[in-house]
Enquirer: 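Quick one: structure below, then a few questions.
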Amino acid sequence: MPGISSMLPTTVFAATTDGEKESETSINRDELSLYTVPQEKLRYAEPEAGELEQSVATLRKLVEPYSTWCQGTYDKIKPKVQSVVDCGNDTYGRLNNPPKDLYPRLGVIGFTGVLGLFLARGSRIKKLIYPAGLMTLSASLYYPEQAVTIAKSTGESVYDCAVQSYAAVEKILKP
């Protein structure tokens with residue numbers, strides 16, 4: 001309501017102190033001393049920090065390097081964790097709606113791994129090489145395109161490692 005009353009025109013009759021004749025001139029409401037507020041000079045003073053605030057500020061300064069290190073580590077690890085989560089979601093989706101031959105293929109690949117363990121009696125190295133080799137062979141028969149891709153990338157990385165090791169041996173042998 002106060003906002004509406006400021007829009008309405010009002011007539012104010014003011015008494016004169018000198019006994020003068022009343023004038024018919026209108027006066028704005030802001031010109032009357034009753035409605036004006038004197039200007040105050042306000043100044044904001046910052047309150048002094050208490051003992052608790054000082055101890056918290058000191059603690060924050062001490063912890064800041066560790067928190068920035070943790071943030072940097074989190075920023076490095078987050079994409080890797082997200083890729084693992086995405087891979088898990090993809091695997092879960094594929095196992096829920098598998099292709100028609102997925103389970104028989106996985107059975108054959110797993111059976112060749114068990115056969116490799118059976119054939120590798122005696123040596124620990126054989127127990128590592130035979131199952132892995134037979135499972136790789138049977139998986140490459142079922143998934144030839146992926147096997148070619150993996151073989152190419154593995155071949156390139158093996159070649160790079162061989163070149164680096166050759167250069168390291170050459171550097172050691174030459175004075």
Side-chain angles (χ1 to χ4, degrees), residues 1-4 6-7 42-175:
M1 292 306 266
I4 293 174
S6 67
M7 296 176 149
L42 298 177
R43 187 177 66 137
Y44 176 74
E46 184 73 32
E48 292 185 21
E51 191 175 320
L52 178 65
E53 290 177 352
Q54 289 175 351
S55 60
V56 168
T58 305
L59 182 66
R60 287 180 75 186
K61 287 179 184 176
L62 289 173
V63 174
E64 184 180 9
Y66 302 109
S67 64
T68 55
W69 176 79
C70 289
Q71 184 67 35
T73 304
Y74 174 76
D75 290 341
K76 288 179 184 176
I77 292 174
K78 184 181 177 184
K80 295 175 184 176
V81 171
Q82 189 63 39
S83 68
V84 169
V85 168
D86 292 341
C87 180
N89 287 337
D90 293 343
T91 303
Y92 178 74
R94 178 161 294 213
L95 290 177
N96 273 346
N97 302 319
K100 63 179 182 174
D101 294 342
L102 179 71
Y103 292 124
R105 288 179 180 187
L106 291 179
V108 169
I109 293 170
F111 177 73
T112 57
V114 172
L115 181 66
L117 281 175
F118 180 71
L119 294 175
R121 285 183 275 159
S123 173
R124 289 185 181 177
I125 295 175
K126 284 182 183 179
K127 287 183 181 179
L128 289 174
I129 293 175
Y130 281 15
L134 288 176
M135 287 175 68
T136 303
L137 180 66
S138 62
S140 66
L141 292 175
Y142 281 120
Y143 303 104
E145 295 156 357
Q146 289 86 353
V148 168
T149 306
I150 291 171
K152 283 183 180 179
S153 65
T154 304
E156 290 172 359
S157 63
V158 167
Y159 177 76
D160 290 339
C161 289
V163 168
Q164 289 176 359
S165 60
Y166 178 76
V169 168
E170 188 178 73
K171 188 177 184 180
I172 291 172
L173 294 178
K174 285 190 177 180

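Small disclaimer: the values here were computed from a predicted structure and weren't measured.
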Enquirer: Show me the donor-acceptor pairs, under 3.5 Å and distance only, between side chains in residues 127-142 and residues at least two apart or in other chains.
Expert:
residue	atom	partner	partner atom	Å
Thr136	OG1	Ala132	O	2.6
Ser138	OG	Thr112	OG1	3.0
Ser138	OG	Leu134	O	3.2
Ser138	OG	Met135	O	3.1
Ser140	OG	Thr136	O	3.2
Ser140	OG	Leu137	O	2.7

Enquirer: So which atom in Glu64 and which in Ser67 form the shortest heavy-atom distance, rounded to 0.1 Å?
Expert: O-OG, 2.9 Å
Enquirer: Using 0.5 Å steps for rounding, measure from the CD atom of Gln71 to the OG1 atom of Thr68.
Expert: 9.0 Å
Enquirer: Quick check for you: to the nearest 0.5 Å, what is the distance between Ile109 atom CD1 and Arg105 atom CZ?
Expert: 8.5 Å
Enquirer: Can you tell which of Ile150, Thr154, Val148 makes a side chain to side chain contact (heavy atoms under 4.5 Å, CB included) with Lys152?
Expert: Val148
Enquirer: Between Arg60 and Val56, is there a side-chain heavy-atom distance shorter than 4.5 Å?
Expert: yes
Enquirer: With side chain to side chain contact (heavy atoms under 4.5 Å, CB included) as the test, would you mind laying out the steps for Asp90 and Arg94 before giving the verdict?
Expert: CA-CA 6 Å; Asp90 293 343; Arg94 178 161 294 213; over 6 Å; no
Enquirer: Looking at every heavy atom in both Tyr103 and Leu95, which two are closest together, and how far apart are they?
Expert: OH-O, 3.2 Å
Enquirer: For residues 158-173, which side-chain donor-acceptor pairs fall under 3.5 Å, sequence neighbours excluded?
Expert:
residue	atom	partner	partner atom	Å
Ser165	OG	Cys161	O	3.1
Ser165	OG	Ala162	O	2.9

Enquirer: Taking the six-membered ring of Phe118 as reference, does the NZ or CZ atom of Arg121 fall below 6.0 Å from its centre and within a 45° cone about the axis?
Expert: yes
Enquirer: Does atom CZ of Phe111 have more than 12 heavy-atom neighbours from other groups under 6.0 Å away?
Expert: no
